[in-house]
Amino acid sequence: MAAVDLTKPEYYINRELSWLKFNLRVLREAGLKRLPLLERLRFVAISASNLDEFFMVRVAGLINRKVSGLERPDIAGLTPTAQLQRIAVEAHSEMKLKYRYLFALMKELEQYGIKFTRVSEVTPEQHQELERYYREDVFPVLTPMAIDASRPFPFLANKSLNLAVELRDEKDEQKIAFIQVPSVLPRFLRLKGENGDQTFVFLEDLIMEHCRDLFKGLKIVDMVSFRITRDSDLEVDEDETHDLMKEIELSLKKRKRGSAVRLEINPQNGHVLRDFLVQNLELEEQDVYEIRGPLDLTFLFRFIDQPGMERWCFPPFAPQQPAELPTYDHLFDQIREHDILLHHPYESFDPVVKLVADAAEDPDVLAIKQTLYRVSGNSPIIAALARAAENGKQVTALVELKARFDEENNIVWARRLERAGCHVIYGLVGLKTHSKITLVVRKEPEGIKRYVHLGTGNYNDKTAKIYTDFGLLTANDLFGEDASAFFNVLSGYSEPPAFHKLIMAPLGLRQKMYDLVDREIQHVKEGKEGHIIAKMNSFIDQPMMEKFYEASRAGVRIELIVRGICGLIPGLKGISENITVRSIIGRFLEHHRVYYFANAGHEELYLSSADLMHRNLSERVELMFPIERPEHIARIKEFLDLCLHDNLGAHVMMTNGTYRRVTPHGREEVSVQERMMQWAIDHAPKKEMPMEQRLKPVYHKPEA
């Protein structure tokens, strides 16, 4: 092959623009008529929530780099300034589409007697109800904030909803005031309607209707609702701190007062209020988003989840008992018999919770060690670890305090575990610990036995019902030895060992991936087939993308299933003609990390906590582990095959970086998520079903 410079910017897509394309795919689910009405509305809410975090972290980071003069281009050749300009264009366009979907879906809701209306348009009876509510519940908690020489521009909290009011006094002098819409009150109010109809009004509209009560003696000239998004990234200097928890607590306080990065505002009669906000918040024109509709569409989550709305949502799905676990009794015996593969949310997360809960009570268990990145608000795993420590067992919990937007939650859990007597550690300096591993050490008649759980997702019993992940329960001695060595690295000064099974980042995972890809290249050179299937959340690490380009040029067939960000471009002549990229959006959030290598017929398959991103490979503690039972390899392969045949939730990337939705075109309809739900139901253990039938991988393979 002729030498090619694989670092050229035209071979890559900017990370932030790729993320915006992902969020657009999420938003476009709102236009799918085959989905239940409120689930379509939920995708509008999800895209709005996603975009909030994008501005709080990614856009804020680019602004900081621009202000600092760090204008180095990224892999796609874009400087921070150029990226911000492109982001503004895409985000404004997406915002307009979002509200088109919102109003279209609200119109559909009216067919069922559910409508949003202005306070000024309600019936006399509803008006009386609103008057009473305003007087008794709203007015007492309102605080108008005047702005003048003695009362400067107030601090307005991140993502809070506010009203700006332009006033004139008896001397016709201009005054400006703010009112924060109370977050302690419901954002929308349900009113009794005729014939069982439901009418909803917004809290901010109710306040605006009564604003004269707050500014008696003054004339209201103009009034708008607005919302500020602030820089919310944490900066923690771990090398200079002696107490990481205290340092993060201080940073959390600073986060709430970060600089503004976006202003969302309703259009108004003039530009006085808009200009006043832009000037005082030190924003540029491209940071202002004028919205003709309700601000902060995350309120839709609560609206959708109200009682009585179920008929317009997905039918409920209960995670099934795992196919390989006929009972949750004697869990240690079943794991000792053979490795057990779990597939969430199709199969229940309960066995993972029960493993820790059983270990907490089992008198033969000596120690429990676990990494915790994101856990639920009332985590049964945390409760079990605390109970284990109280029962006298050695409990080590690595709590990652730097899990973005879960920092406060994790500090609370860390303190609870410490009070219970657990040994709580916070990982390695400068590295987030993102790996998912649990080790249970048990004394048995034959000696010490170690039980290990490894997964691709967090120890969170709530998100395990909506995120798709694989987990492995094993009593394999080599996995057990590796798990012990891994925790020794995290908790002490132990040198990283030569692992038997586990591959750890940032030490060896990157090189292992290079070696596995190089092996497929070598097979092609020897006249054999080279084939890679990789499923992940994001793929943006440039050296790894270059390696995949190299493999494609050598003739290796590469099928990528990347839910979110992907900086690699498929189908480029002479570069990536053997690569395909698809993204699956559906009812559940696709979260697995699966790496398959054909290896000339001697297949190898790995699961991991790591995406192929620089941060995962070089700046985090991650784990990748092999799947070794032939039944498990076959089962995961058939699942990957379903992903590659999905024609209801899949989108394929084109050579220009855009995505095209895959459609059945008269063929059998295939939704990997729907197939997996049915598979889990069909294979949930039944007393009369023999074990060998339960273990048989029988995912239904779609027609070609």
Side-chain angles (χ1 to χ4, degrees), residues 234 236-238 241-256 331 349-429 431-443 450-453 455 457-464 483-484 486-494 621:
L234 283 187
V236 178
D237 188 350
E238 294 182 60
T241 184
H242 299 290
D243 190 326
L244 183 60
M245 186 182 289
K246 286 184 179 178
E247 185 69 23
I248 287 179
E249 286 179 310
L250 288 173
S251 295
L252 286 171
K253 292 176 182 176
K254 293 177 186 175
R255 166 188 279 174
K256 296 174 182 176
L331 200 53
F349 192 70
D350 289 349
V352 182
V353 176
K354 194 168 190 305
L355 174 70
V356 183
D358 284 359
E361 305 295 342
D362 190 328
D364 293 324
V365 167
L366 305 177
I368 305 171
K369 302 184 181 186
Q370 188 169 31
T371 57
L372 299 170
Y373 191 74
R374 299 188 195 276
V375 294
S376 62
N378 190 24
S379 172
I381 285 180
I382 295 287
L385 291 174
R387 204 161 56 248
E390 289 160 358
N391 288 341
K393 304 182 188 308
Q394 293 290 319
V395 178
T396 302
L398 187 145
V399 180
E400 180 47 74
L401 296 182
K402 302 186 294 296
R404 184 175 286 137
F405 301 123
D406 272 331
E407 299 95 346
E408 290 182 85
N409 191 37
N410 286 2
I411 287 172
V412 170
W413 291 132
R415 289 196 166 131
R416 178 179 171 184
L417 290 171
E418 285 177 337
R419 285 196 300 269
C422 300
H423 178 212
V424 180
I425 54 178
Y426 307 120
L428 302 173
V429 173
L431 299 172
K432 279 188 181 180
T433 301
H434 190 248
S435 51
K436 329 294 182 183
I437 182 171
T438 301
L439 170 65
V440 175
V441 181
R442 192 168 186 258
K443 184 178 182 181
R450 285 173 279 211
Y451 297 84
V452 178
H453 173 266
N458 297 311
Y459 287 110
N460 187 316
D461 56 296
K462 298 292 190 296
T463 57
S484 289
F486 172 78
F487 279 104
N488 288 342
V489 170
L490 295 184
S491 63
Y493 292 109
S494 174
V621 177

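- Not counting sequence neighbours, the partners of K354 by the side-chain hydrogen bond (donor to acceptor under 3.5 Å, both in side chains) test are D358.
- With sequence neighbours left out, Y459 forms a ring pair (Phe, Tyr, Trp, His ring centres under 6.0 Å) with H453.
- At least one side-chain heavy atom of I381 sits under 4.5 Å from a side-chain heavy atom of Q370.
- Judged by distance alone, the side chain of T371 and the main-chain N or O of L398 form no donor-acceptor pair under 3.5 Å.
- With sequence neighbours excluded, the residues satisfying salt bridge (Lys or Arg N to Asp or Glu O under 4.0 Å) with D362 are R442.
- Sequence neighbours left out, not one pair with a member in residues 351-372 passes ring pair (Phe, Tyr, Trp, His ring centres under 6.0 Å).
- Residues passing the side-chain hydrogen bond (donor to acceptor under 3.5 Å, both in side chains) test with S484 are R450, sequence neighbours excluded.
- Residues that satisfy the side chain to side chain contact (heavy atoms under 4.5 Å, CB included) test with E361, not counting sequence neighbours, are R387, N391.
- The shortest side-chain heavy-atom distance between F487 and I425 does not fall under the 4.5 Å cut-off.
- Taking the side chain as every heavy atom from C-beta outward, L385 and L372 approach each other to under 4.5 Å.
- Looking at residues two or more places apart in sequence or on another chain, you find a side chain to side chain contact (heavy atoms under 4.5 Å, CB included) between A388 and A360, I368, K393, V395.
- Shown here are the salt bridge (Lys or Arg N to Asp or Glu O under 4.0 Å) partners of E390, two or more places apart in sequence or in another chain: there are none.
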